[in-house]
Amino acid sequence: MARSHLSRRSLLTAGGAAAVALGAAAASPSAAAAPADNPVDTPAEALRRLQAGNRRFTSGHGRHPHQSLADLHRLAAGQHPFAITVGCADSRVAPEVLFDQGLGDLFDNRVAGNIVDDLLLGSVEFAVEEFGSLLIVVLGHERCGAITATIDAIHTGGTAPGHIGTIVDALRPIVEPVLDQPGDPVENGVRANIAAQVRALSERSTIIAEKVHEGALRVVGARYDLDNGRVSLVA
């Protein structure tokens, strides 16, 4: 399907985009001495880089790459994130930290329950089209508060306060069918939600589906263990 190239300028109003200032962490000696990463050219290489980074994080040997002021200045001219994350807004689940990546490496999308709604889907599609990112990771985590709130609402018949109810309503049709399965209901809900959001990305987006069909993009689901920091593929 022919599609015109999407540029950042074409998506902005005539007034221009507001600049977003990123606070740069001071470069540590280990980060400054870290060797440059080889280019990432395939989805498989992108996944291997994230897996290697998570192994460094869990072993206490993180390199904290691309986090210097010089990196920030370099990226001011443009970004080329090799992977996109669809993660939970939970403060304990920071992709750059747990994958040991730095500025410009990941295009993060975070919302409670890692739900792929229209707004988030548009954000992911933008990164796929504009930056040619090679991998999308739907990143759920154990003991997810959004899943727990949804289960509580189902069991009690109550409603969540304020706009939290929007999250519960989005998760309810995913979580409710697995409540009677053996095992921990929250863990079952977390895994079901990861799989559901992975499916939603390809089923609801022609842009993503085409890239996956071409072999230029891969979509995976992963679960983060809060106790040991490990990320494992689940979908």
Side-chain angles (χ1 to χ4, degrees), residues 1 3 5-6 11 37 39-55 57 79-90 93-101 104-142 144 146-147 167 170-171 173-175 177-178 187-225 230-235:
M1 178 184 298
R3 182 166 55 244
H5 175 69
L6 177 67
L11 290 182
D37 289 321
V40 176
D41 297 319
T42 68
E45 290 175 358
L47 181 58
R48 284 195 293 270
R49 175 163 296 184
L50 293 186
Q51 291 172 322
N54 182 243
R55 287 194 295 271
F57 170 67
Q79 59 175 315
H80 300 283
F82 68 87
I84 301 163
T85 62
V86 176
C88 187
D90 192 296
V93 189
E96 278 81 6
V97 175
L98 59 96
F99 287 121
D100 193 30
Q101 302 299 311
D105 291 331
L106 306 179
F107 192 86
D108 293 329
N109 300 269
R110 298 178 65 185
V111 63
N114 41 277
I115 299 164
V116 179
D117 60 9
D118 288 343
L119 186 60
L120 189 143
L121 186 57
S123 178
V124 172
E125 287 180 336
F126 177 79
V128 170
E129 284 282 88
E130 182 69 9
F131 308 126
S133 301
L134 299 163
L135 180 71
I136 303 173
V137 180
V138 176
L139 184 63
H141 66 95
E142 67 169 343
C144 178
I147 299 294
I167 300 171
L171 292 174
I174 298 169
V175 172
V178 303
E187 179 63 19
N188 291 341
V190 166
R191 290 176 177 270
N193 185 46
I194 293 170
Q197 305 308 332
V198 168
R199 289 194 302 271
L201 285 164
S202 292
E203 292 176 358
R204 296 181 56 201
S205 171
T206 302
I207 291 173
I208 293 172
E210 287 182 354
K211 294 291 186 181
V212 170
H213 180 72
E214 295 167 0
L217 178 68
R218 183 179 175 187
V219 183
V220 301
R223 174 191 175 277
Y224 176 57
D225 192 319
R230 294 194 184 96
V231 176
S232 55
L233 296 182
V234 298

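Just so we're clear, the structure is a prediction, and the values are computed from it rather than from any experiment.
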Can you name the closest pair of heavy atoms from [X] and [Y] and give their distance?
X: A200; Y: V116; answer: CB-CB, 4.4 Å
X: V124; Y: I84; answer: O-CD1, 3.9 Å
X: A196; Y: I174; answer: CB-CD1, 3.8 Å
X: S133; Y: P81; answer: OG-O, 2.7 Å
X: A222; Y: V137; answer: CB-CG1, 4.0 Å
X: C88; Y: A112; answer: SG-CA, 4.0 Å

Partners passing side chain to side chain donor-acceptor pair (under 3.5 Å) against [X] (at least two apart in sequence or in another chain):
X: S123; result: N109
X: N193; result: Q197
X: R230; result: none

- Would you call the rings of F131 and F107 parallel, tilted or perpendicular if under 30° counts as parallel and over 60° as perpendicular?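 Taking F107 first and then F131, their aromatic rings sit tilted (interplane angle of 30° to 60°).
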
Value rounded to 0.5 Å, distance of [atom1] in [X] from [atom2] in [Y]:
X: E125; Y: L120; atom1: CD; atom2: CG; answer: 10.5 Å
X: L47; Y: R218; atom1: CG; atom2: CZ; answer: 5.5 Å
X: L217; Y: L135; atom1: CG; atom2: CG; answer: 7.5 Å
X: D90; Y: R110; atom1: CG; atom2: CZ; answer: 7.5 Å
X: E96; Y: D105; atom1: CD; atom2: CG; answer: 7.5 Å
X: T42; Y: F82; atom1: OG1; atom2: CZ; answer: 11.0 Å

Got a sec, which residues hit salt bridge (charged side-chain N to carboxylate O under 4.0 Å, His left out) with [X], two or more places apart in sequence or on another chain?
X: D108; answer: none
X: D225; answer: R223
X: D118; answer: R204

- Task: Salt-bridge test for R49 and E45: reply yes if a basic N is under 4.0 Å from a carboxylate O, no otherwise.
- Result: no

Do [X] and [Y] have side-chain heavy atoms sitting under 4.5 Å apart?
X: V190; Y: E142; result: no
X: I208; Y: S202; result: yes
X: V111; Y: I167; result: no
X: T85; Y: L50; result: no
X: L121; Y: L201; result: yes
X: V97; Y: F57; result: yes
X: L139; Y: N114; result: no

- Message: Does I147 form a side chain to side chain contact (heavy atoms under 4.5 Å, CB included) with L171? I'd like the steps, not just the answer.
- Response: CA-CA 7 Å; I147 299 294; L171 292 174; 4.0 Å; yes

